[in-house]
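Worksheet for the structure shown next.
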Amino acid sequence: MNINVGDNKMELNGRDDLKRPLLEPSDSVCVTIPEPVDKLEKKRTVMFKIGNIKCASCVTSIESVLGEINGVESVSVSPIHGHAAIEYVPKLVNPKLIKETIEDAGFPVKEFSEQQIAVCRLRIKGMACTSCSESLERALKFLDGVKKAVVGLALEEAKVHFDPNITDSDHIIEAIEDAGFGADLISSGNEANKVHLKLEGVSSVEDMNTIKSYLESAIGVNHVEMDLEEKRATVNYDPDFTGPRSIIEAVQEVAHGSYKASLYIPPRQRETEQHHEINNYRNQFLLSCLFSVPLFIFSMVLPMLPPFGDWLEYKIYNMFTVGLLLRWVLCTPVQFIVGRRFYKGSYHALRLKSANMDVLVAMGTNAAYFYSVYVAIKSLSSDTFKGQDFFETSAMLISFILLGKYLEVLAKGKTSDALAKLTDLAPDSACLLILDDDGNVVSEVAISTQLIQRNDIIKIIPGEKVPVDGIVIDGQSYVNESMITGEAQPIAKKPGDKVIGGTMNENGCLLVKATHVGSETALSQIVQLVEAAQLARAPIQKIADRISRFFVPAIVLTAFITWLGWLIPGVIGIYPKHWIPKGMDKFELALQFGISVLVVACPCALGLATPTAVMVATGKGASLGVLIKGGNALEKAHKVKAIVFDKTGTLTVGKPEVVNVMLFSSVSMEDFCDVAIAAEANSQHPIAKAFLEHARKLRQKIESNRQSNNQHVTEAKDFEVHPGTGVSGKVGDKMVLVGNKRLMQTCNVTVGPEIEGYISEHEQQARTCVLVSIDGKIAGAFAVTDPVKPEAKNVILYLHSMGISSIMVTGDNWATATAIAKEVGIEKVIAEMDPIGKADRIKDLQMRGLTVAMVGDGINDSPALVAADVGMAIGAGTDVAIEAADIVLIKSNLEDVVTAIDLSRKTISRIWLNYVWALGYNILGVPVAAGILYPFTGVRLPPWLAGACMAASSLSVVCSSLLLQSYRKPWVFQDTKRGHSHCSKST
């Protein structure tokens, strides 16, 4: 089978005009033979601002002294502004030395900043509440070299931007551990493409160094890490130059095949950590139950049963009883072994001048335990002392808190279910075709998906998943892309079409050329985008941050006031003695109320209210084809009051068709097509492509009628694009203009009444007219139509019902724009706008106090997307302006605009509900724990029950956020009888 040529096939090594992936990595050819090269040495650029530059000789002096430094590649100094850009090799020289060299030459360096900032992601262990994440952020920001640090409580991750010349990931991990938390490196900035290898035949350090040296000299290999104990290697590489299979082959070439390498797939760190945390809390809870359940029985149950009660009250010495001894023995392991985590958390929090949940729990349990120890010691030393111990309070409190944390981590694990499902979409293996030099298939090999390299040819049979992004080069089929885009209908694929990794091939055999692999695939980009969104902090989170700063100190103060408030009136005799329970005195009653206040208050619930909801919402949105870049985008989207729509490709299908061609001169249709084709050939505008396709078919028809085959078209010279109006160029000796009426008027080309009538007639039918001028006279024109999307009218109506006004801003003429707007139901139209003008109109709307969203195709609308409060890039499957847009709508369906806003509103409502749960619980729980109901009803909250309530509050907030997983996107439809748009939940 040959796949190089053919009518229905695509040339293997050809380039097609394809949409680019999310982060637009450049195309490349895979090279499999590693050789030592110096030119791949990584370089960086540092910028300085230098003072005392007075003339050109100063510049020469600076360039001269820097040129003598080994590792400085190039120096560029501006004598006017005093700016210097120095390119250097980090392995040979650092910015500090460069700066000192300039200063030694007599020129002060006022400021400098390195262009490249490294980024690392870390898994954080041991965070309990917002105070923990805030204190950790502060500790990281104080570390030298750290530029920015973001800590996500719900995601339990940190993202740190740092200067690699000052610090590194190891120092950052040390700083985190010094702050009292655990940390594991998830990834660093240079680990976008890496492969893990299992090595065989390696027995010594010399063997490892041999392999490492050989790999480091290979083309495209950036970094190599070796682990002799595990006999593994981790290789970071550049996919433009090499790939996993090439690296494995390189290892096996060392020492004439003495070493073997195979792919090693490490366990997923997130899932491993989650299971470890769940098991840890479960084991801690069971261990505490081993002591606290018998303790509860000895304290609450057996004393009420006569034979056992008498035995427990047996006095060992003075007033020290058997029951008191058992309770002390059973409570101590729970307090100091199981409860050690609370002591550690409290110590580290207080050392950072912060306070968290651990501080409250430690204070409450310590008060109960050490007062009980006082009672025990007093009972030993006195034969008349009678006191009530609280050993069961301390142990039961710790047990209930651990139970609550166990249930909480179970629930939190489900908040990232949607992300885990996305990650699992890619298949584990693929069928690789081995080709000979002529493009003939020699054999088929089953390989791991992680071993696929760029330009590999993959065979995909019906029922198999597409392993990576690529181009179909042979075969036809339907591909189900619902798991990536949410599009229910399978999409037809033929040679030249793009396929997305993780999608399902339905009914035909496809041969696909891999174009984007590893972290560059659309699926990987979506996962990275959702992970980044879950780590980003929403502005509404500031409410919890503000409260958390004074929450714990306020609760400690409240607990102390509660204790005094019950103790002093009791001593004075303000309240009656029968209020004091049997077996207690005034001090003990006051102490119980104080402990209850300490442990009932829950800062954890406040801290989890926002991030858990954002995690569930962004994951759910991704599964529906709506990628939301974090809580900030969610919060802004729910406030939107006006949406600005682009016309072409947004409200319309985006595939213009020529519906009419008219000549206005003696020029023949053949010549007209020739000059127009030549002028438009280099244009990338959709209308130009539509006309080229139509003109070529028309030209072919003319030639076939003449039974000749002379289709040679002269290439246009001096080609120029006029933004928003058209193009111009010289075809032969003729000056040709192709564009709208504004271009003709700008170039002083007369537009006669006949032409005006033609333009008016078609513009009223929502068609765009393009004029063709040859040597200053209009030779002809063609009318182009772009059909309106079928759902556009219903979406505009439904947005209106949501209280959102719709505006259309386009570069097209007023007549066509007005006709399209009328068809879809938009009342306000702004036409004949260039990209900057669109952004200016959005700013005008914002000046009126409106929160504005912009919906565009994400390419020429990027200035407007950035200017808007919420930028939505629509129809962005793998062609997305990821930096410009706040929300990415993968499908080209306007209903997703409604979905994005509806999901944001539901999420923000859920966050507020979470705050009601968290704050309402504390507002009600603290007074009850303080005994406000006790004088009237006799109801009081024992400390162990208060601890259970605290654990329940965090669990309730997480479960409330999990309800967002049941979200169903609105289904907008037209009620033909009433003429109104409605929304219902899709089943």
Side-chain angles (χ1 to χ4, degrees), residues 129 299 327 331 334-335 339 342-343 345-346 349-350 355-378 386-401 550-577 579-604 921-953:
C129 60
S299 302
R327 291 194 292 273
C331 176
V334 179
Q335 181 71 30
F342 301 112
Y343 286 106
S346 301
L350 294 172
N356 58 13
M357 182 200 77
D358 292 333
V359 173
L360 295 178
V361 174
M363 289 184 69
T365 56
N366 276 342
Y369 179 83
F370 286 108
Y371 176 75
S372 301
V373 171
Y374 163 76
V375 170
I377 294 172
K378 190 75 174 174
K386 288 185 178 180
Q388 174 70 39
D389 66 276
F390 299 128
F391 283 123
E392 80 285 349
T393 295
S394 171
M396 294 295 291
L397 178 59
I398 290 173
S399 297
F400 273 111
I401 289 172
F550 60 83
F551 184 88
V552 173
I555 290 299
V556 173
L557 181 61
T558 304
F560 181 70
I561 292 171
T562 300
W563 176 67
L564 289 178
W566 280 97
L567 179 62
I568 294 172
V571 172
I572 297 173
I574 294 177
Y575 59 79
K577 290 184 178 180
W579 282 12
I580 302 172
K582 186 179 179 181
M584 282 192 189
D585 60 19
K586 306 174 188 67
F587 178 85
E588 291 164 351
L589 178 64
L591 183 64
Q592 275 219 351
F593 281 124
I595 294 172
S596 294
V597 170
L598 277 176
V599 297
V600 80
C602 184
C604 305
Y921 159 81
N922 282 293
I923 290 168
L924 294 175
V926 170
V928 171
I932 196 171
L933 299 179
Y934 187 62
F936 312 105
T937 63
V939 173
R940 63 187 178 90
L941 205 61
W944 63 268
L945 185 57
C949 291
M950 182 190 75
S953 69

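Rounding to the nearest 0.5 Å gives a distance of 9.0 Å between CG of L557 and OG1 of T562. The CG atom of L924 sits 10.5 Å away from atom CD1 of I932, with the distance rounded to the nearest 0.5 Å. Interatomic distance, I398 CD1 to T393 OG1, rounded to the nearest 0.5 Å: 11.0 Å. How far CD1 of I595 is from CZ of F390: 6.5 Å, rounded to the nearest 0.5 Å. One finds the CG atom of N366 at 11.5 Å from the CZ atom of F342 (value rounded to the nearest 0.5 Å).
At a threshold of 4.5 Å between non-hydrogen side-chain atoms, the residues S299 and M396 do not count as touching. Considering only heavy atoms from C-beta on, F370 stays 4.5 Å or farther from Q335 through its side chain. A 4.5 Å side-chain heavy-atom check between L589 and Y575 finds at least one atom pair inside the cut-off. Using a 4.5 Å heavy-atom threshold, the side chains of Q592 and P943 count as touching.
Of all heavy-atom pairs between W579 and P935, the closest is CH2-CB, 3.2 Å. In plain terms, the two heavy atoms of P569 and L564 that are nearest each other are CD-O, 3.6 Å. Shown here for S394 and Y369, the closest heavy-atom pair between the two residues is OG-CB, 4.2 Å. Taking both residues in full, the closest heavy atoms of S372 and F391 are given as OG-N, 3.3 Å, listed atom of the first, atom of the second, then distance.
In this structure, the side chain of Y921 engages the main chain of C949 through a donor-acceptor pair within 3.5 Å. When atom types are taken as modelled, the side chain of T365 and the backbone of A362 share a donor-acceptor pair closer than 3.5 angstrom.
Using cut-offs of 30° and 60° for the angle between ring planes, the Y371 and F587 rings count as tilted. W563 and F560 have tilted rings, their planes meeting at an angle from 30° to 60° on a 0 to 90° scale.
Among residues two or more places apart in sequence or in another chain, the side chain to side chain contact (heavy atoms under 4.5 Å, CB included) test is passed with A601 by L360, F551, I555, N922, V926. Applying the side-chain hydrogen bond (donor to acceptor under 3.5 Å, both in side chains) criterion to D389, with sequence neighbours excluded, gives R327.
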